[in-house]
Structures are given as C-alpha cells and as structure tokens.
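Note that these values count all heavy atoms, side chains included, but never hydrogens, waters or copies made by symmetry. One-based numbering along the sequence shown. Atoms within each ligand, like the ligands themselves, are counted from 1 in listed order.
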Amino acid sequence: MSLEYALEKFPLPVKLKNGTPCMIRPLTKRDEARLQRFFQGVPEVERLFIKKRPTERRVVREWCRKVDFEKNLVLLMLHGPTVAGEVTLHQRQGGWKRHIGVITVLTHPDYRGVDAAKLLVDQIVQVAAHLGLRKLEAELNGERKVAIRAMEQLGFTQLFRLSDYVLDMESKPHDYVVMTLNLRTDEEYAGVG
Ligand SMILES: CC(C)(COP(=O)(O)OP(=O)(O)OC[C@H]1O[C@@H](n2cnc3c(N)ncnc32)[C@H](O)[C@@H]1OP(=O)(O)O)[C@@H](O)C(=O)NCCC(=O)NCCS
C-alpha cells in the first residue's frame, strides 16, 4: 500500500490518559522550532540511540527540511503547539532486512506515563503494517529499565542484549538491547474483521 494512503487518517485527534487532548500528525517543514524545544527537554542519556545530536540547531533543521518519509517517517504528538512526543519509522531500502522497520519513540518528561508512547506506537504499528512490513525493531540502552518495561507493555520482546556494546557522548559504554514486535499484515487484520 502507498505511503500516501497509509497517512490519510492524519492529523488524528487523540486523548491522553489524563484527558489532555492531543493531535498526531507527520512532521512538516514548519516544526523546526518546536521540535528543537522538545529535544532540549529530554535528558541526553535518553537520546543515545539518535545518531546525530538533535540539540544542534542544524541537525533538526536538516530533519525538517529534507523530509523523506519513505526512509524516515516521523509522527509527532502535539499538545497545542507543544511537541509531547515523537515516533520515527526507519525503513531499509532493500536487502535481507527490508521487511523489518526500526522505530524510535521518545516522549517529553512532562508527558510520561499518560499513554503518549502507547498512542504513538499504536499508530506507527498500523502504518508499518499497511506498508507491508512484517516486523519492527527498537534499539535501547540496557540500563533504561523503565523504557524496556514500557516497550514490553507495548508488545515488544527482547531479541538480544550485548554487554557494554554502545558508547554515550562521554564514551561511557552501555548495554545494547534490541527488542522486536511481529506485525500483522493487512490480510490478517481483514481476517479478524
Ligand atoms: C519509553 C518511553 C517512550 C515511554 O513513554 P511514556 O509516554 O511514558 O509511555 P506510556 O505512558 O505510553 O506507557 C507505555 C507503557 O509503558 C508503561 N510504563 C510507562 N512508564 C512506566 C514506568 N515508569 N514504569 C513502568 N511502566 C511504565 C505503561 O504502563 C504503559 O503500559 P500499559 O498502559 O499497557 O500498562 C519514554 O520513557 C521515553 O521517551 N524514554 C526515552 C527514550 C526511549 O528509551 N525510547 C524507547 C526506545 S526507542
């Protein structure tokens, strides 16, 4: 199915567990400043899996200006003008892991524990299934027990853990954990009616 069709339902109004009304929609060129503020509010150790420093203005500018949803699809959760969270689906462009999407999910500390990640992951799971992906992977810092538990609650299971395998910005090693989720195809969804 085409990406355009998979994104047709957005912007999507949602409600957090505490009743806060939010909107989920894909990233646009105009989100640069609000996305910058969002990353500044998230502790650095929680952003380890992001390849480039998102607190650098030019990095976020590049993300917003060179949007390529076929490679990296970013869904934002907005509370008014404020970014409450984001989820990114990275699709490989070929090769033997082309059926496995990689996701990252990050929520602002002010919006934790009220289903922000759950709502974002639900949406990206549906989009990924529509696009024909069969599995999702998420990479985590093994010390972030809360994040691992949260991903388990969202249906992911641990694929493997490697001790002291990744480095943070101060070159301190951390365990590397990869978690996975099997996706149901559109046909399987149709089967359950
Ligand atoms: C992991 C993270 C995304 C969770 O975000 P969140 O918005 O607080 O999560 P939600 O409120 O949607 O909760 C999702 C599930 O995790 C559980 N959960 C959330 N916070 C929890 C906590 N502190 N302790 C235990 N479980 C927790 C919830 O119970 C929920 O499951 P349930 O409703 O089925 O019981 C957030 O902590 C974060 O951004 N961490 C840094 C980035 C990261 O490590 N991302 C994951 C790898 S890509």
How far is atom 8 (O) of ligand 1 from the closest protein heavy atom, and which atom is that? G113 N, 2.8 Å

Close N or O approach (A117, ligand 1; < 3.5 Å): yes

Please confirm whether D115 comes within less than 3.5 Å of ligand 1 when only nitrogen or oxygen atoms on both sides are compared. yes

Taking only non-hydrogen atoms of T104 and a 4.0 Å limit, the atoms of ligand 1 in range are 48 (S)

Step through the shown structure and confirm whether more than 12 heavy atoms of other residues, nucleotides or ligands are within 6.0 Å of CZ on R57. no

Looking only at distances, can you tell me whether any N or O atom of V105, backbone or side chain, sits closer than 3.5 Å to an N or O atom of ligand 1? yes

Between Y5 and H130, does the ring centre distance come in under 6.0 Å? no

When you compare ligand 1 with V114, is there at least one nitrogen or oxygen pair between them that comes in under 3.5 angstrom? yes

Of the side chain and backbone of R144, name the one, both, or neither that has a heavy atom under 4.0 Å from an atom of ligand 1. neither

Distance in Å, R134 CZ paired with L131 CG, rounded so as to fall on 0.5 Å steps: 13.5 Å

Strictly distance-based, threshold 3.5 Å: is any side-chain N or O of T180 a donor or acceptor partner for the main-chain N or O of L136? yes

Please say whether L140 places an N or O atom under 3.5 Å from an N or O atom belonging to ligand 1. no

Could you tell me whether T107 approaches ligand 1 through its side chain, its backbone, both or neither, with non-hydrogen atoms closer than 4.0 Å? both

Are any of the side-chain heavy atoms of R37 and V83 separated by less than 4.5 Å? no

Any N/O of K118 closer than 3.5 Å to an N/O of ligand 1? yes

Nearest-contact summary for atom 44 (O) of ligand 1 - protein heavy atom, Å: A147 CB, 3.3 Å

What protein heavy atom sits nearest atom 35 (O) of ligand 1, and how far off is it? Q153 OE1, 3.7 Å

Who's the nearest protein heavy-atom neighbour of atom 20 (N) of ligand 1, and how far? V146 CG1, 4.2 Å

Parallel, tilted or perpendicular: which one describes the rings of F39 and W63, with boundaries at 30° and 60°? perpendicular

Side chain D31, main chain T28, donor-acceptor under 3.5 Å: yes

